[in-house]
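These notes are about the structure you will find just below.
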Number of protein chains: 2
Amino acid sequence: MQITIDDLVDFVRGAAFLGTGGGGDPYVGRLLLKQEMENGRSLTIIPPEQVDDGALVIPIAAIGAPSVMLERAPKVEALEAALRTLEAKLGRKADALTCIESGGINATLPLILAARTGLPIVDADGMGRAFPELQMVTFNIYGMKASPFVMTNDRCETVTFEVGSNHFAEQLARSTVMAMAGAAHLAIYPMTGRQLKDAGVPGTLSLALDIGRAIAQARRGRADPVQGLLDFLRTMPQPRHAVVLAEGKVVDISRETRDGFNFGRVLVQPFGDAAGEPAEIVFRNEYLTVRRGARFLAMVPDLVCVLDAESAEPITTETLKYGARVKAVGISTPPVMRTDAALATFGPRAFGIDSDYLPIEELVPA
Amino acid sequence: MQITIDDLVDFVRGAAFLGTGGGGDPYVGRLLLKQEMENGRSLTIIPPEQVDDGALVIPIAAIGAPSVMLERAPKVEALEAALRTLEAKLGRKADALTCIESGGINATLPLILAARTGLPIVDADGMGRAFPELQMVTFNIYGMKASPFVMTNDRCETVTFEVGSNHFAEQLARSTVMAMAGAAHLAIYPMTGRQLKDAGVPGTLSLALDIGRAIAQARRGRADPVQGLLDFLRTMPQPRHAVVLAEGKVVDISRETRDGFNFGRVLVQPFGDAAGEPAEIVFRNEYLTVRRGARFLAMVPDLVCVLDAESAEPITTETLKYGARVKAVGISTPPVMRTDAALATFGPRAFGIDSDYLPIEELVPA
């Protein structure tokens, strides 16, 4: 696949959609990526099957509360410092880069560094969406180690971790990102090409671009863009269950930055029905659940996305505003994300939600 | 100088004295050091002037709340992992080890690792006492960098830091030690022999042994051991101002483990004078100030030590108990610790005490 400067708006829109409200503001990532491309740097995106089994692939990301990253944009130099420090630790140069998550800014940062360094980027990631914690990736579920990994701050100061468990990696990284004033850069889960093929979610960069284009196309066709997007998702080669869960006006939103995360809750009141029961959307960096009263309409790891009701533009958890007119849509997650091992790591109970996982196609049939 | 198995009790007693209540329980360090020596490992202690100017010297220490270290003793393997990881980062083997602080367990841990590795240990440290924060060392004051430095936990998991400022090093280390359950091992402030000669406090290991011996000797002579100790301190080659600040019974003690430190306050009621005004001793890992009413009797960086009233055995902040019969003594700190730069780093205001530094010889003349 190719991503050109002309594709960037569509691409980051799709990445914001897959980010399910989290992963940081994609706008910043788009500007940084555009800058690299305008400097004449090209971007080589390759499918996982083109990566050598023995190649060293390094995922690149930002970590922290999205609200902080909105104020302090990630730095390309600091991403490169993370990569180079991890390479030095491993005693080996990376052959390719990839994404941990395809959501928001973390879909674009690895591309920026790929453009900057000339390294190819692999069209795959570790979740096919966004999640708030470092062990919430298929890489972890299928036995790979986060360690050694490197964090850097804006001043390119580095911290290198070598730890046994991925859960402990998350704990240390979280306390370090707080000491780094809430946002930092990561090079983590160094892996072979073979491991990425076995444990990654393939095609997420392509999917982001396709989703962004589907929304743009529906707008141009003067169709309802949200409907256009759902139609696209239902007719992909591997179709997804895709439904509107709630539509209306945001009548209440609470937000708190705590322990290095954004926590919050949104109420969406149905249009023209002030007495109707509002839908409640809960988030922790990403949107996690939608409920009406006691009844769940969707839950993590299925994707919950909040879109502008008219334009279908995805709205992140930290930019959603009181009074916004929105549609919340729910999308089924791929089977690899629904195994028992996967649900133990990023199912509802991993977020403190007192419910077993209920698939969206059972909660809200098409 | 030599330290043999027979010297250990005296040595750790003296180190506990210089630890001014902090630096961790010396008993644990003594057991670990005894174990190494009984395994036939010898200990080579050299004065700073015998270290080559170009030698690589690495200080070794534990970091964390002393109350946690009392429950989970430091591990020799983890000290060695910290050293080896820092050596790998620097691309060079250490030629000698030294102490950051001569207080409590941090006076013995570097010796344990020296015995284990066969590396010589230099008779010098970075404060001639104990302090709770990593930038509170002469190494920092006289322009040296804490970074790169390595922290390890009990499982020998490692975190390597490369940062610009020593203050930021402390912040990152403190948040990491909390994520490491309150206690960790450090290899930090890698320096040349020349730098140690210029910025270190020489002779603190010898001083610890001499202090421990002076107390033992006064006990054997059936003299008042506290008086015997003060006499020794006043007649050293570089004599110290040394006075009893308060004596009596501990009638109140409050203690809190917070932000990776032990904070607290002790009230000492004069013997046989229930109506007399108690002395208040405030600590943060180490004893910081002694006051009677509004009047200061001693303040950091002068040394405040709480001793058993009968035996002159030093009592650490985390083992001091209600009802203990104690004498609090104050000792002047060397001139190198009283410069403007030094006081800015570990004078009273650095601990949030709203007073300029007042030397103990003015507060309590002999």
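No hydrogens, no waters, no symmetry mates; every other heavy atom, side chains included, goes into these values. In what follows, every chain begins at residue 1, and chains take the letters A, B, ... in the order their sequences are listed.
- Heavy-atom minimum distance, A:Glu157 versus B:Ser165: OE2-N, 3.8 Å.
- The backbone N or O of B:Thr158 lies less than 3.5 Å from no partner atom in the side chain of A:Glu162, so there is not a single donor-acceptor pair.
- Environment of CG in B:Asn39: crowded, with over 12 heavy atoms of neighbouring residues, nucleotides or ligands closer than 6.0 Å.
- Note that CZ of B:Phe161 is 10.0 Å distant from CE of A:Met151, once rounded to the nearest 0.5 Å.
- Chain A forms the most heavy-atom pairs under 4.5 Å with one residue out of B:Cys156, B:Pro148, B:Ala179, and that residue is B:Ala179.
- The contact between B:Thr85 and chain A is made entirely by side chain atoms (from C-beta outward), counting heavy-atom distances below 4.5 Å.
- Heavy-atom pairs under 4.5 Å with chain B were tallied for A:Val163, A:Thr176, A:Thr160; the largest tally goes to A:Thr160.
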